[in-house]
Amino acid sequence: MPRSFALPPWLAHTLRTQRGPVPWNAVVRGALSAGPLLLAAVLADRTSLGVVAAIAAMLAGINDRPGSRRASVQRIGVPAVAGALGMLVGTYAGQDVSALPLTLLLTGLGLVAGGVSAIGPVASGAGTQLLVASAIGAGMPLPEAGWQRAAGYLAGAGWLLALRLALPTPGSLTGDFRFDGEREAVARVYDAVADLLDAVGAEHATARRAALTAALDHAQDALAGPRLRRYASSATERRLHAQYAAALPLAEAATALAWAGEALTGRAGRASAGPRRLAVAVRENTHTGPLPAPSRSAPALRALDDALLHAAEAFDRGKGGDLHTRPRSAGDLLRAAFGSGGREYGLRVALCFGASAAIAQGLHHAHWYGQHEHWYWLPATAVFLVKPDLGPLASRVLCRAAGTVLGALVFAAFAAVLPRPEGLIALVAVSGALIPVATRHFAAQTAVVTVLVLALVMVGGEPQASAGRIGETLLACAIVLLVGHLPMPGQRGGGVRARLGTAGAAAQAYLTHVLSDPDDRATRWTLRREAYRTLAEARTALALAAAELPPLARHSEGAEGVVGTLERLVDTTTACAVHLDDCGRLEPHHTTRLSELLAELARSRVQVGLRLPELSLAG
């Protein structure tokens, strides 16, 4: 028989794209952001300031992802503030210091921003904009002072954020459209619970449990924006908090049923009908009505029935509930930034950013090279290429190179026929509208951003620069590929190992609490959320590491087994918690399974060489 051909992981990731409906509301915001800002600046004879505002709006558009309005304040606003700071520092440094001190300053910024980026997605966006804006501020020849550039940058990002907060999404005008993102996020949790119940006893139950974790994480983030706290400020917010909190015991019971692995038949097979009706009630902002009760023949089914009754009462009362998330202290943030993952990433960002800045300035001052006015393109491009949350290194490099070549060629064709500046401003507006769709694939995003940036350069009065853009990108790709494979102090794969260490500590805290204080359900649900969230983050980091080129992928070999064992341990702990609620004691098969998983985890930890906490039944 002929052998089936499979692409290597690094190439398969390069060709993979996200799917889903077109986010038309984000497309509208993109069309109304960079283009209109640039047009207003041109009409006011402040073109250079308009270019800065348009760049900020473009970067904010990349961060304009699906979710709630409140969460978007942090997701868009925090990176924008960091970008404005970078613009301020870069401008004054570029004006007042020579090439060598400037390169050292940019390298130091790269070290700090890289470490901070390891904290989480918002911090990663902030680190990116800090570095990109500092390079632009240092190298872009603009007449405005540093504080004016920073103000223009904030205005550009603030304009897109204002559009995000003010414009309703399609189909949301029937209710309070301000909370449509939160409502949809909570509804998807109930849908995910129902999907897991339908999959009990089937092979894809594990995948459905992972989807439930993702839905809970998304809803938790959607409800955690500004002014959405434990004591919410409006009836709508309190109701959404109550609906989210009511989903937690349902998710716990569904996970326990999936752990048992016995397919639900007969009356028990109706278990998913209740959560689906709850999802409809959340979306339509209505009462639940009567809910079908499942069988009560097993502890997990009894827990599910009790959770449905509790949900019906919570929906009617609409009192606010706890988000059950542990706030991250300053110590937690520092450990993430300066731990093994943060140190490794910070060093690589600093090397890539500093080396790119040094080479770019060397070319800028070399008489034999000719004009090199856009030297800031090289370090700015390297910043995006060195970010692991945009995909594996080989995938990022291939997509960046292909996208830049395509975007430069497309722009060159448009630039030859479009009138100036009105045609180029229209091209900026169209590119801004395409960014929310293009973010599904890094090559497509790169192509759209390349067209937008080249259009901004020409509107600012500079000549067509497609060839230079291609050359800068290819050079940045070479630099990042080289630095990405350099040996670093300490153990490689620091990002994966740090995530695994955090997940192991969270699993131990959850297990210890369930065995020592099972009656404290609020704390239990908080620890359960933390355990599953950190496991999801570890699996995401592992999937990216496994798709690297073989010299890098080998550093995470064996970690897949550790993540799987931790997931089974947390699932078993959840089943134990549900059983303790019902019977007050564990059965022998529970303790035996826990002991087996802890022993398996200890063996895997030694074999892979991971520094995980010692997990035990005694805590």
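Keep in mind that what you see is a predicted model, and the values were worked out from it rather than measured. Scope of the values below: all heavy atoms of this structure, side chains included, with no hydrogens, waters or symmetry mates.
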TODO: Using the side-chain contact (heavy atoms from CB on, under 4.5 Å) rule, take Arg70 and Glu237 through it: C-alpha gap first, then chi angles, then the decisive distance, then the call.
DONE: CA-CA 11 Å; Arg70 300 300 179 83; Glu237 294 180 22; 3.3 Å; yes
Working to the nearest 0.5 Å, report the span between [atom1] of [X] and [atom2] of [Y].
{"X": "Leu515", "Y": "Leu580", "atom1": "CG", "atom2": "CG", "answer": "7.5 Å"}
{"X": "Leu250", "Y": "Leu308", "atom1": "CG", "atom2": "CG", "answer": "5.0 Å"}
{"X": "Leu598", "Y": "Arg593", "atom1": "CG", "atom2": "CZ", "answer": "10.5 Å"}
{"X": "Leu535", "Y": "Leu542", "atom1": "CG", "atom2": "CG", "answer": "11.5 Å"}
{"X": "Asp191", "Y": "Arg276", "atom1": "CG", "atom2": "CZ", "answer": "6.0 Å"}
{"X": "Arg164", "Y": "Asn63", "atom1": "CZ", "atom2": "CG", "answer": "12.5 Å"}

Could you work out, with side-chain contact (heavy atoms from CB on, under 4.5 Å) as the rule, every residue matching [X], not counting sequence neighbours?
{"X": "Ala199", "result": "His204, Ala205, Arg208"}
{"X": "Ala210", "result": "none"}
{"X": "Arg302", "result": "Arg296, Pro299, Asp582"}
{"X": "Ala543", "result": "none"}

Under the side chain to side chain donor-acceptor pair (under 3.5 Å) test, which residues partner [X], sequence neighbours left out?
{"X": "Thr255", "answer": "Arg528"}
{"X": "Asp64", "answer": "Arg29"}
{"X": "Glu262", "answer": "none"}
{"X": "Arg400", "answer": "none"}

- [ ] Give every residue pair that meets the ring pair (Phe, Tyr, Trp, His ring centres under 6.0 Å) criterion with at least one member in residues 510-529, sequence neighbours excluded.
- [x]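 Qualifying pairs, neighbours excluded: His324-Trp525.
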TODO: Taking only Lys NZ, Arg NE, NH1 and NH2, and the carboxylate oxygens of Asp or Glu, determine whether Glu344 and Arg497 approach each other closer than 4.0 Å.
DONE: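 Result for this pair is no, no salt bridge flagged.
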Task: Salt bridge Glu600-Arg603, side-chain N to carboxylate O under 4.0 Å - done: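 No, this pair does not count.
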TODO: Evaluate side-chain contact (heavy atoms from CB on, under 4.5 Å) for Thr439 paired with Arg65, printing each intermediate quantity in order.
DONE: CA-CA 9 Å; Thr439 51; Arg65 300 300 178 92; 3.9 Å; yes
Task: Residue from Thr574, Asp581, Thr573 passing side chain to side chain donor-acceptor pair (under 3.5 Å) with Arg524 - done: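 Testing Arg524 for a side chain to side chain donor-acceptor pair (under 3.5 Å) against Thr574, Asp581, Thr573 leaves exactly one candidate, Asp581.
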Looking only at non-hydrogen atoms, find the nearest pair between [X] and [Y] and report the distance.
{"X": "Val116", "Y": "Ala123", "result": "O-CB, 3.3 Å"}
{"X": "Ala222", "Y": "Ala71", "result": "CA-CB, 4.3 Å"}
{"X": "Arg539", "Y": "Val563", "result": "NH2-CG1, 3.3 Å"}
{"X": "Pro23", "Y": "Arg440", "result": "CD-NH2, 3.6 Å"}
{"X": "Val578", "Y": "Ala300", "result": "CG1-CA, 3.8 Å"}
{"X": "Ala271", "Y": "Leu304", "result": "CB-CD2, 3.5 Å"}

Is the shortest heavy-atom distance from the side chain of [X] to the side chain of [Y] under 4.5 Å?
{"X": "Arg183", "Y": "Glu284", "answer": "no"}
{"X": "Leu566", "Y": "Val562", "answer": "yes"}
{"X": "Asp517", "Y": "Thr523", "answer": "no"}
{"X": "Asn285", "Y": "Arg239", "answer": "yes"}
{"X": "Trp24", "Y": "Val437", "answer": "no"}

TODO: Can you sort out the partners of Glu548 under salt bridge (Lys or Arg N to Asp or Glu O under 4.0 Å), two or more places apart, ordered by chain and number?
DONE: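 Partners of Glu548 under the salt bridge (Lys or Arg N to Asp or Glu O under 4.0 Å) test: none.
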Task: Asp217: partners by salt bridge (Lys or Arg N to Asp or Glu O under 4.0 Å), with sequence neighbours left out - done: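 Listed in chain order: Arg529, Arg533.
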Open item on the list: Does Cys576 form a side-chain contact (heavy atoms from CB on, under 4.5 Å) with Leu594? I'd like the steps, not just the answer.
Closed with: CA-CA 9 Å; Cys576 291; Leu594 287 173; 3.9 Å; yes
Open item on the list: Whether the Thr213 and Arg209 side chains hold a donor-acceptor pair (N or O, under 3.5 Å, no angle test) is what I'd like checked.
Closed with: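 The answer is yes; a qualifying pair exists.
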- [ ] Assess the side chains of Arg75 and Ser72: does a donor N or O sit below 3.5 Å from an acceptor N or O?
- [x]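 Side-chain D/A pair, Arg75 to Ser72: absent.
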Open item on the list: Within the supplied structure, the quantity of interest is the number of heavy atoms (other residues, nucleotides, ligands) at a distance under 6.0 Å from His589 NE2; does it exceed 12?
Closed with: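 Yes, the 6.0 Å shell around NE2 holds more than 12 heavy atoms from other groups.
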TODO: Just jot down the ring pair (Phe, Tyr, Trp, His ring centres under 6.0 Å) partners of His579, sequence neighbours excluded, or say none.
DONE: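 Per chain and number, His579 pairs via ring pair (Phe, Tyr, Trp, His ring centres under 6.0 Å) with His590.
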TODO: Output, in order, the C-alpha distance, side-chain angles, deciding distance and verdict of side-chain contact (heavy atoms from CB on, under 4.5 Å) for Leu216 and Tyr244.
DONE: CA-CA 9 Å; Leu216 284 165; Tyr244 169 81; 4.1 Å; yes
